[in-house]
Asks: 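Quick one: the structure is below, and I'll ask about it shortly.
To find a chain, count down the sequence lines: A is the first, B the second, and so on, and within it residues start at 1.
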2 protein chains.
Amino acid sequence: MGRPTIADIARQAGVSKGAVSFALNGRPGVSEETRTRILRVAEEMKWRPHSAARALGGARAGAVGLVLARPARTLGLEPFFAQLLSGLQAGFSVHSTALQLLVVEDTAAEIEVYRRWASEHRVDGFVLVDLQVRDPRIDVLEELGMPTVVLGGPGKHGKLPSVWADDREAMLSIVEYLAALGHRRIAHLAGLPAFQHTQRRIRALRDAAKRLGLTEALSLPTDFSDAEGAAATRTLLARRERPTAIIYDSDVMAVAGLGVATEMGVAVPGELSIVSFDDSVLARIVHPPLTALSRDTFTLGEQVAQTLLAVLDDPAAAADLKTPTPRLTVRESTAVPRR
Amino acid sequence: MGRPTIADIARQAGVSKGAVSFALNGRPGVSEETRTRILRVAEEMKWRPHSAARALGGARAGAVGLVLARPARTLGLEPFFAQLLSGLQAGFSVHSTALQLLVVEDTAAEIEVYRRWASEHRVDGFVLVDLQVRDPRIDVLEELGMPTVVLGGPGKHGKLPSVWADDREAMLSIVEYLAALGHRRIAHLAGLPAFQHTQRRIRALRDAAKRLGLTEALSLPTDFSDAEGAAATRTLLARRERPTAIIYDSDVMAVAGLGVATEMGVAVPGELSIVSFDDSVLARIVHPPLTALSRDTFTLGEQVAQTLLAVLDDPAAAADLKTPTPRLTVRESTAVPRR
DNA sequence: CTGAAAGCGCTTACAG
DNA sequence: CTGAAAGCGCTTACAG
């Protein structure tokens, strides 16, 4: 007879469809006794909700969207995103909410997907990452009226609630550590300049350099790729006055940089200290293992999920959430500079 | 007035809802002229389909599922999966089909998700990966009657169509290359023994060793983690008669192994040759860059997507697809053994 | 606390 | 080729 519907349950239990719906959704409107009976029947008949019917009836789609803009072929889903994804899923799955993931070519395509999924009622909300300096996505999402949680901040994300960590403090802690070791020439292989967090880190380095009286503190923008990370490292190490420490905005670039140093015969950490802004298995498996900024990205994902679920339940609940500032895990890629 | 529905379009165009539906879906039942007019009106009104309503009406959910069983916290989505995911999405998005991704703890949970998503009509089909030796998922998916494409083979996947590459041939090409260089003691850090492809590779190495008259050809199973990859490498390199070459079943393990060799002062490739069964940015960014088996994982993903879409269109179209055998990309981690 | 009914926005036989 | 109607499986006012 195919899958059972609430009509089947209603007939079996001798009540109306409405009563079944109330009972199944834990809403008032049925007596405790009736509810129990209905739930038992539903269980016996192995009833499962039909997600499309639920969504049509006016309830939620039961899914949220995460859209990442990156060229399809070059997608090396970074460890950071892998961990974030895990955390998001763990957080959402507690409330049986699915995560719809899509990777698109660029921001324009990303916006198109937001419009499409919203108008198709495919998702109930969005998670927004990679906050840009002047981010065109913010306006679109606000206009669409879709519940959205932004990963990143503080500030610059319209009225959308955000979950953020203090990138500035994090960068300061790295620079202070390197300065304490005696480093005076520090380079920073930054990410895409269009990203807000890239700008924050660059500014933090500049400010710290002035305060600590460093000789040099250079931020070089990259596209986050291993290729640019390697190329920029090569350029830096080929200079006469080369930096004694390089801070990399991602673990992939840091490992690529380490590879270049090894290839050029520059000893790490003897002649060059390396710090990665992201910690991951990558930072651990190379030799020497990299000093890196550790944060609990899995938990971060869970928190983003919880924040979005809270907004879905009650739009007025939207509030920014600051997460703990990442801490430096010192491994073997950093040391007192030789000279 | 909120989002337009086909009823609005019908009114505006002076036709019935049915006619609008036919026109919008490119089905026969309306004249070319009427169709054009309806499409224009839909365009003007910025109509978009409501996915839930479509699904309820009996059409497709417009989404397919990919469920990965791995412990949530340890999820380092490997480069292989990142690439595969990209390809899958590229392939599915051509037909506006979304990919619903979920990471679960184990196979039991994975099966539960298949049952749930199927009964909720949340997806139209599944992509199955990480084929196991006696895979309980096959029976479940066949019983559910869900269109499914298996990544892996040949054989051992019931009546479900599969897209596969020849792992045996691939392993043979590696061993033959190493033997030609003069290696006689070769070790193989294999993946989880429960996986079919692990068994295939182990068998291929054993067969090749016999044929080529190798002194030693040892396969050690691991859990694919960098930790076990490192530990096993350490054990191998500490032996009196250590292997002159190690084949790693994943890039993450190969990089971890390279780290251990560096740490132990074993020169690569002078004293130890390293080959990775998976190529990726990881294999390229370390120093020395790793000789690895290259395959076009992105295209593989696209092919899996196309195969599933074909099955969704016509269940009778199910057919296995063999993809090109991966080829060895020789880099700097392999050489003639020193002694 | 409960029932009967309408409605969500589509698709799909069934008549004409 | 086209129209009017029923139906997909839920949810949600609205009466009682």
Asks: Please lay out, stage by stage, how Val127(B) and Thr148(B) fare under the test side chain to side chain contact (heavy atoms under 4.5 Å, CB included).
Replies: CA-CA 6 Å; Val127(B) 171; Thr148(B) 301; over 6 Å; no

Asks: From CG of Leu56(B) over to P of dG7(C), roughly how many Å is that when rounded to an integer?
Replies: 17 Å

Asks: Just call it for Arg35(B): base, sugar-phosphate, or nothing, with non-hydrogen atoms closer than 4.0 Å on any strand.
Replies: nothing

Asks: Kindly state each residue pair satisfying salt bridge (Lys or Arg N to Asp or Glu O under 4.0 Å) with at least one member in residues 141-165 of chain A, sequence neighbours excluded.
Replies: Arg115(A)-Glu143(A)

Asks: Answer yes or no: does a side-chain N or O of Arg54(B) lie under 4.0 Å from OP1 or OP2 of dG9(C)?
Replies: no

Asks: For Arg27(A), is there any backbone N or O sitting under 3.5 Å from a side-chain donor or acceptor partner on Asn25(A)?
Replies: no

Asks: May I have the distance from Asn25(B) (atom CG) to dC10(C) (atom C1'), rounded to whole angstrom?
Replies: 9 Å

Asks: Hey, is the side chain of Trp47(A) poking within less than 4.0 Å of OP1 or OP2 on dC10(D), counting only N and O atoms?
Replies: yes

Asks: Between Glu33(B) and Arg40(B), is there a side-chain N and carboxylate O pair less than 4.0 Å apart?
Replies: no

Asks: For Ser51(A), does its backbone N or O pair with a side-chain atom of Arg122(B) as donor and acceptor, under 3.5 Å?
Replies: no

Asks: If only side-chain N and O atoms of Thr34(B) are considered, is one of them under 4.0 Å from the OP1 or OP2 phosphate oxygen of dT2(D)?
Replies: yes

Asks: Where each residue is assigned the nucleotide of DNA chain C containing its nearest heavy atom, which of Gly29(A) and Ile6(B) is assigned the position nearer the 5′ end?
Replies: Gly29(A)

Asks: Within less than 4.0 Å of OP1 or OP2 of dT11(D), is there a side-chain N or O belonging to Ser21(A)?
Replies: yes

Asks: Please check the phosphate of dC1(C) (OP1 and OP2 only) for any side-chain N or O of Ser31(A) closer than 4.0 Å.
Replies: no

Asks: From the set dG3(C), dG3(D), dG9(D), return the single nucleotide nearest to any side-chain atom of Ser16(B).
Replies: dG3(D)

Asks: Measure CZ/Arg11(B) against C1'/dG3(D) and give the value in whole Å, please.
Replies: 16 Å

Asks: Reckon Arg27(A) has a side-chain N or O less than 4.0 Å from the OP1 or OP2 of dT12(D)?
Replies: yes

Asks: What stems show up for DNA chain D when you take Watson-Crick pairs (N1-N3 plus N6-O4 or O6-N4) and G-U wobbles (N1-O2, O6-N3), both under 3.5 Å, and require three or more consecutive pairs?
Replies: C:1-3 with D:14-16, C:5-12 with D:5-12, C:14-16 with D:1-3

Asks: Could you tell me whether Glu32(B) and Arg35(B) have a side-chain N and a carboxylate O separated by less than 4.0 Å?
Replies: yes

Asks: Measure from CZ on Arg37(B) to P on dC1(D) and round the result to the nearest Å.
Replies: 15 Å

Asks: Distance check needed: dC8(D) C1' versus His121(B) NE2, whole Å only.
Replies: 10 Å

Asks: Rounded to the nearest angstrom, tell me the gap between atom CD in Glu32(A) and atom P in dT2(C).
Replies: 10 Å

Asks: Distance check needed: dG7(C) P versus His50(B) NE2, whole Å only.
Replies: 17 Å

Asks: Within the side chain of Gln196(A), is there an N or O that forms a donor-acceptor pair under 3.5 Å with the backbone of Gln132(A)?
Replies: yes

Asks: Write down the distance between NZ (Lys17(A)) and P (dC14(D)), rounded to a whole number of angstrom.
Replies: 18 Å

Asks: Which nucleotide sits closest to the side chain of Phe22(A): dT12(D), dC10(C), dC10(D)?
Replies: dT12(D)

Asks: Can any side-chain N or O of Ser16(B) pair as donor or acceptor with the backbone N or O of Ala19(B) at less than 3.5 Å?
Replies: yes

